[in-house]
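Structure first, then comments.
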2 protein chains.
Amino acid sequence: MKKTLLCCLVLSAMAAQAQQNLVKYVKPLIGTEKMGHTYPGATVPFGAVQLSPETDTIPYEMNGKYNGDVYKYCAGYKYEDKTIVGFSHTHFSGTGHSDLGDFLIMPTQGKLQLNPGTASNPKGGYRSAFSHANEVAEAGYYKVKLDDDNILAEMTTTNRVGMHQYTFPKSDQSHIILDLMAGIYNYDDKTIWTYVRVVNDTLVTGYRQTYGWARTRTVYFAMSFSKPFKNYGQRNYDARQAYRGFWGKFDQNKNFPEIAGKKVRMFFDFDTQEGEKIKIKFALSPVSQENALQNMRAEITGWDFDKVKTQAQATWNKELAKINISASEDDKTNFYTAMYHAFINPTTYTDVNGQYKGLDQDVHTAKGFTNYTTFSLWDTYRALHPFFNIVQPTRNNDMVKSMLAHYDQSSLHMLPIWSHYANDNWCMSGYHSVSVIADAVIKGVFNGDANKALDACVATAKHRNYEGIGYYMDLGYIPAERSGVSVSNTLEYAYDDWAIAQMAKKLNRMDVYDEFIKRSANWKNNFDKATGFMRPKLADGTFKKDFDVLSTHSQGFIEGNSWNYSFFVPQDPAGLIEMMGGKKKFAAKLDTLFTMHLPDEFFADTEDITREGIIGGYVHGNEPAHHVAYFYNWADQPYKTQAQVRHILKMQYKPTPDGLGGNDDCGQMSAWYMFSSLGFYPVSPGGDEYTLGSPAVNNATLTLENGKTFTVEAINQSDKNVYVQKVLLNGKELAKPFIKHSDITNGGKLTFYMSAKPKKS
Amino acid sequence: MKKTLLCCLVLSAMAAQAQQNLVKYVKPLIGTEKMGHTYPGATVPFGAVQLSPETDTIPYEMNGKYNGDVYKYCAGYKYEDKTIVGFSHTHFSGTGHSDLGDFLIMPTQGKLQLNPGTASNPKGGYRSAFSHANEVAEAGYYKVKLDDDNILAEMTTTNRVGMHQYTFPKSDQSHIILDLMAGIYNYDDKTIWTYVRVVNDTLVTGYRQTYGWARTRTVYFAMSFSKPFKNYGQRNYDARQAYRGFWGKFDQNKNFPEIAGKKVRMFFDFDTQEGEKIKIKFALSPVSQENALQNMRAEITGWDFDKVKTQAQATWNKELAKINISASEDDKTNFYTAMYHAFINPTTYTDVNGQYKGLDQDVHTAKGFTNYTTFSLWDTYRALHPFFNIVQPTRNNDMVKSMLAHYDQSSLHMLPIWSHYANDNWCMSGYHSVSVIADAVIKGVFNGDANKALDACVATAKHRNYEGIGYYMDLGYIPAERSGVSVSNTLEYAYDDWAIAQMAKKLNRMDVYDEFIKRSANWKNNFDKATGFMRPKLADGTFKKDFDVLSTHSQGFIEGNSWNYSFFVPQDPAGLIEMMGGKKKFAAKLDTLFTMHLPDEFFADTEDITREGIIGGYVHGNEPAHHVAYFYNWADQPYKTQAQVRHILKMQYKPTPDGLGGNDDCGQMSAWYMFSSLGFYPVSPGGDEYTLGSPAVNNATLTLENGKTFTVEAINQSDKNVYVQKVLLNGKELAKPFIKHSDITNGGKLTFYMSAKPKKS
């Protein structure tokens with residue numbers, strides 16, 4: 001009886017949550033201006049399709065040289081722009097390098113134009129002017145009016161299928177353009193091959209293969225129209241293709257269904273009545289056209305756009321309801337948008353039949369898990385995956401399995417570094433998948449073979465041919481002569497090694513523990529006691545002389561100078577404090593970091609952030625210092641952690657298009673926001689502790705997958721009352737600002753008593 | 001008892017045949033000099049792998065223009081050449097355009113050279129001088145000494161796996177080169193992508209994608225070494241690849257296992273003792289690396305080269321024993337080499353697990369049949385597939401099923417024209433797969449859904465966008481203004497239409513029969529009674545004025561002038577005779593064809609043949625006239641058929657490298673040889689009749705798949721006794737020089753009585 005009643009209560013509570021409209025707090029436009037690099041289009045949680053507008057498609061290279069402006073278009077869309085080129089189906093969220101932008105669709109009418117045109121003269125091509133007044137971006141839905149041709153564009157998605165709805169004026173020259181040359185971070189020979197079949201007058205299938213950040217990448221598609229096209233055609237812009245073979249027997253420009261080449265654009269012609277809607281279902285697959293078609297048929301039956309949109313938003317509401325907060329409207333917008341941005345990566349990389357393309361470029365079947373891709377691990381190991389271990393443990397378990405499948409398929413015998421679409425692009429430093437794996441093992445989230453997972457971690461950490469690991473293993477650091485990022489790497493390897501050691505200890509693999517706990521102290525080798533900073537060390541064991549603690553470039557660091565990286569010892573704050581001369585000196589140094597002025601010459605060196613993304617010398621827009629504000633807790637000055645965290649939350653996250661102070665980095669910035677808003681943070685993933693900050697919500701209830709709830713209550717919390725007076729866990733006061741993972745997963749309540757006054761004792 | 005006895009007799013007869021060494025009569029070098037375009041390397045019957053030497057790898061294009069010399073290298077090997085570049089795994093036999101040459105392997109020793117070098121300076125690259133004195137080419141086996149580095153190269157194959165055996169001198173610098181840039185009919189950007197994984201120190205897998213005659217073609221491989229390599233490496237010759245991504249973190253030149261790019265060569269290093277053999281198993285798949293590996297494991301276990309060679313030759317003996325002839329040694333060599341050349345195409349295109357890549361570029365499973373590719377149908381519909389209907393009906397049934405699968409996968413809804421490796425290259429005229437299908441249906445060889453097959457034939461024959469079919473359907477001919485090959489096409493379509501009609505009649509689809517039997521008379525529309533020749537007709541219905549019956553180019557014909565094509569009415573010899581003014585005039589015209597002189601200016605226009613490939617104006621080296629020598633039978637002068645056929649057999653087929661007077665064309669020339677040597681020929685496939693010629697064997701026993709035998713006996717036959725006096729079928733004299741297909745399949749004996757004197761009555 002009691003059990004049944006409890007069950008009913010839980011179910012009705014969940015139902016109540018599911019019915020809440022949390023989608024209204026999601027503003028996908030947040031971060032689309034300046035440095036956020038988010039995209040505003042439609043996607044579902046962890047969806048394989050990200051259907052979103054491109055406001056420009058400028059090339060990565062001009063005349064064989066890097067074109068700096070392309071960086072702005074990592075997500076395809078810049079809020080500042082005035083034109084839309086089209087809508088493509090794959091996007092990264094918040095990255096600082098890019099790829100994707102597959103299968104750009106653009107509706108037009110009037111004289112057919114197959115070139116994209118320019119921002120200054122949109123009427124010279126198929127692109128169109130638009131204004132934000134006519135734009136709506138919601139979780140799972142995007143709408144914009146295309147001014148040039150008076151066409152309303154709407155889009156929504158399921159996991160693997162994008163659905164377009166275009167409302168045309170009356171015209172006997174209405175067109176849907178499919179630009180197979182367009183892409184993000186494009187260059188002249190990036191598209192290696194395109195293949196398209198027009199199966200009938202409503203169905204087109206094909207694939208495109210690119211050579212970009214992902215070196216060997218093929219995406220297959222199936223495209224279905226709600227209305228038969230009256231004509232279709234292609235143009236092949238590869239000057240050389242005319243030579244080859246006997247295809248000239250056919251007139252290939254019009255209604256010719258077998259299309260292949262390196263530079264192809266297609267068009268489909270319609271007669272439309274005033275206000276007539278033409279809809280497209282556009283399914284993706286990493287495996288085959290057949291699978292794309294199967295995905296389409298499995299996920300969307302019929303042509304009810306509103307139904308698909310409603311389903312997409314219901315799915316979002318269900319996911320967002322995993323945390324129910326009480327806070328100001330702006331904070332709710334920030335929080336649920338952060339949650340949205342956290343839940344759109346990694347992305348699903350399994351077809352409905354379980355197949356996916358592996359790193360070995362063969363087709364595999366994911367047995368008992370969903371395979372994911374888009375692992376920006378240097379960013380996301382810090383807070384995003386730990387966040388998933390609380391509210392998305394099933395998915396995070398599958399993500400770890402995806403990483404291990406990647407390892408199994410790697411001829412290098414390495415876990416992913418930064419992987420997307422059956423490739424590793426080797427971006428950034430460290431081997432942080434080991435942190436994600438260790439964290440999932442330590443926290444009981446991973447249900448696979450943990451010993452095998454540990455072996456994969458160890459193999460990766462001993463890959464001598466990768467980024468100085470050989471030197472690191474032999475010398476305990478990477479000589480500055482051998483690498484421009486020698487210190488970052490040594491510090492990050494040392495942290496990762498600690499994570500491996502934790503996992504080894506849990507698995508009672510003490511030989512591994514001993515080896516890696518020793519390696520985890522290697523950070524000390526780059527610490528220069530004379531200056532109190534991390535400093536590049538030469539092969540002869542002496543520190544590099546010509547060295548500026550403010551500079552980043554070629555100084556041994558990546559996305560962070562020595563000021564930021566000197567605090568990168570998340571695995572041993574006590575050790576670092578000792579090295580830096582004790583708690584007082586340590587806290588004073590932190591104070592300096594947050595209050596110093598970074599001269600413009602050094603700001604110019606930073607990446608991925610705006611001027612506003614910096615607090616003193618602390619660079620929140622980059623990740624290496626994400627844990628640093630919490631370090632005051634170890635220096636007996638938790639009130640400074642509380643103040644700084646609240647300051648960062650306010651300063652770096654605003655409910656506006658330019659509201660993100662740096663790249664969202666596949667959800668890492670957003671995960672930091674959520675943890676910090678909830679009042680706790682995982683400083684060192686791979687450990688089972690969270691340290692406490694200052695909750696920015698009045699109340700938050702986390703509904704866990706095990707059916708339990710964990711509630712954070714912040715009594716007397718306000719923008720001014722940022723200081724914690726005491727904290728009770730299930731009614732019992734905490735002596736120290738730490739809780740364990742099990743404190744959350746067991747369910748319970750964490751009560752913060754807040755005040756405007758810092759509690760300094 | 002009786003049955004058992006019969007069975008025993010059949011079995012022991014078959015065993016006796018299987019034990020015969022017929023392989024010794026196979027000389028793969030026949031046709032490798034001058035125009036034969038055959039390859040000398042190792043393959044098994046209808047094998048997916050053709051492992052054969054390349055004597056040069058010159059480009060198809062130079063500075064963007066066609067390089068005429070490349071034509072010599074359609075099969076990769078020219079007997080005239082003095083150097084070998086390497087050994088690759090895919091070759092066409094006897095084609096006049098080309099592709100393939102995948103995965104070139106070359107053993108070397110000494111200083112590593114990764115460029116192929118030139119014919120004039122082989123030591124400047126990895127190629128090597130060789131001499132024919134040190135070369136052995138057998139069915140299923142090839143051996144050559146590579147003089148430059150004193151390495152003995154041997155190769156043999158199974159269906160899907162090539163096996164190499166290289167005997168090295170003592171060296172600490174022995175190498176195996178894998179050149180992934182090499183190819184036949186190559187050009188700068190033909191290789192679109194290469195992907196290779198070094199799985200361990202004896203196993204490498206990967207694939208290569210090319211854009212050539214087959215527009216979208218990928219071949220996967222798995223390569224296994226008998227001995228671990230001590231080092232390996234790659235060079236990427238694509239100047240642009242250095243830009244891309246973060247792969248520079250690794251030293252990729254040496255022992256780096258993840259390789260991808262557009263222009264890749266690899267090498268594997270060994271220490272070798274004097275006389276040490278290094279062996280390679282090299283498996284192909286159209287589907288995946290995994291399938292290639294599965295093919296390898298299924299087909300070759302262990303490293304016994306001699307065992308694989310013995311198996312390959314036993315397989316050949318078994319196939320060759322299907323016809324057991326008594327003839328001179330030279331004729332036996334010609335006959336069994338022709339049989340060999342007939343049985344190496346089409347090629348297997350199914351993995352051991354039944355999977356293959358379809359024309360739609362998706363992976364399919366062949367259910368209940370082996371899928372074949374390499375359909376040079378304009379050539380092979382004439383005699384090769386009819387030959388298969390007698391001695392390879394199971395395979396021909398599967399070939400028809402392969403064509404129908406191709407049709408099912410075609411977004412153009414067309415049967416193959418000239419298909420290879422999941423592509424149609426659209427080479428040559430007509431839609432002759434309908435002839436192959438009709439012939440298999442009429443002769444009871446096809447066991448699938450014949451009505452569906454007929455529908456596919458009809459759809460293909462009504463494809464208005466293909467090569468003037470629309471005009472042909474509307475006007476009954478193709479206007480000369482619209483096509484440079486208008487007459488060839490009209491004549492060939494008309495024949496194909498007759499074949500469709502025959503199939504329709506058998507299936508009692510009389511509407512289809514009526515339509516197509518009418519179309520089959522369209523040849524009359526191009527016949528100019530005033531001149532007695534087939535002649536291009538203009539859109540206004542008048543014949544083209546400026547016209548020379550000797551000329552081919554842009555005169556309405558392809559691979560044949562009006563003199564040859566004027567006889568291209570295999571479906572209605574009687575109608576043609578009537579048009580040409582009766583039997584006497586017709587026979588006189590044939591006489592002129594065989595005795596006239598073709599001036600040099602017109603010879604220069606012909607393709608694919610040598611001067612010796614011409615008899616008067618009759619061009620045996622091209623196919624359109626292959627039936628013409630038999631036409632005397634319809635003009636009541638069969639003795640002239642007998643004389644001409646024997647003359648052609650002697651003149652055009654010699655047991656020497658330069659022994660073929662024209663391209664072997666995937667076995668069509670060879671099939672003509674075998675039919676004609678046996679004394680009968682299928683003038684009009686799709687009908688069930690063979691017309692008789694003059695057997696060049698003393699005796700031949702065909703062992704059929706149904707267990708029956710059909711024997712041809714030629715009493716008193718010799719090089720002089722070419723004239724038939726009478727013919728008995730199972731002891732009963734034939735009134736006319738024709739037999740039916742069922743006369744063969746029922747088993748029995750055809751006895752020719754030969755003499756030196758023509759029987760003119």
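First the proteins, then the strands, lettered A, B, ... as listed; each starts at 1.
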Check each atom of [X] against the heavy atoms of chain B and say whether the ones under 4.5 Å are side chain, backbone, both or neither.
{"X": "A:His463", "value": "side chain"}
{"X": "A:Phe250", "value": "both"}
{"X": "A:Ile469", "value": "neither"}

Do [X] and [Y] have side-chain N/O donor and acceptor atoms under 3.5 Å apart?
{"X": "A:Gln355", "Y": "A:Asn291", "answer": "yes"}
{"X": "A:Glu492", "Y": "A:Trp378", "answer": "yes"}
{"X": "A:Ser285", "Y": "A:Asp351", "answer": "yes"}

Quiz item: Does a sphere of radius 6.0 Å around CZ in A:Arg482 hold more than 12 heavy atoms from other residues, nucleotides or ligands, not counting ones at 6.0 Å or beyond?
Solution: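 Open.
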Self-check item: Toward chain A, the part of B:Leu293 with a non-hydrogen atom under 4.5 Å
Solution: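 For B:Leu293, neither part sits under 4.5 Å from chain A.
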I'd like to verify something: which residue of [options] has the highest number of heavy-atom pairs under 4.5 Å with chain A?
{"options": "B:Leu359, B:Asp424, B:Asp360, B:Asp99", "result": "B:Asp360"}
{"options": "B:Val199, B:Leu412, B:Thr205", "result": "B:Leu412"}
{"options": "B:Lys249, B:Glu258, B:Met428, B:Glu290", "result": "B:Lys249"}

Quiz item: Does the separation of the ring centres of B:Phe92 and B:Trp418 fall below 6.0 angstrom?
Solution: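 B:Phe92 vs B:Trp418: aromatic centres under 6.0 Å.
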Self-check item: Aromatic ring proximity, centroids under 6.0 angstrom, A:Tyr66 and A:Tyr60
Solution: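 A:Tyr60 vs A:Tyr66: aromatic centres under 6.0 Å.
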Practice problem: Would you mind listing every salt bridge (charged side-chain N to carboxylate O under 4.0 Å, His left out) that reaches into residues 407-417 of chain B, with sequence neighbours excluded? | Solution: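 Passing the test, one end in residues 407-417 of chain B: B:Asp408-B:Lys452.
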Practice problem: Specify which of A:Tyr220, A:Trp213, A:Tyr466 makes the most heavy-atom pairs with chain B at under 4.5 Å. | Solution: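 The answer is A:Tyr466.
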Quiz item: Looking at A:His413, A:Gln209, A:His97, which has the largest count of heavy-atom pairs under 4.5 Å with chain B?
Solution: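 Most heavy-atom pairs under 4.5 Å with chain B: A:Gln209.
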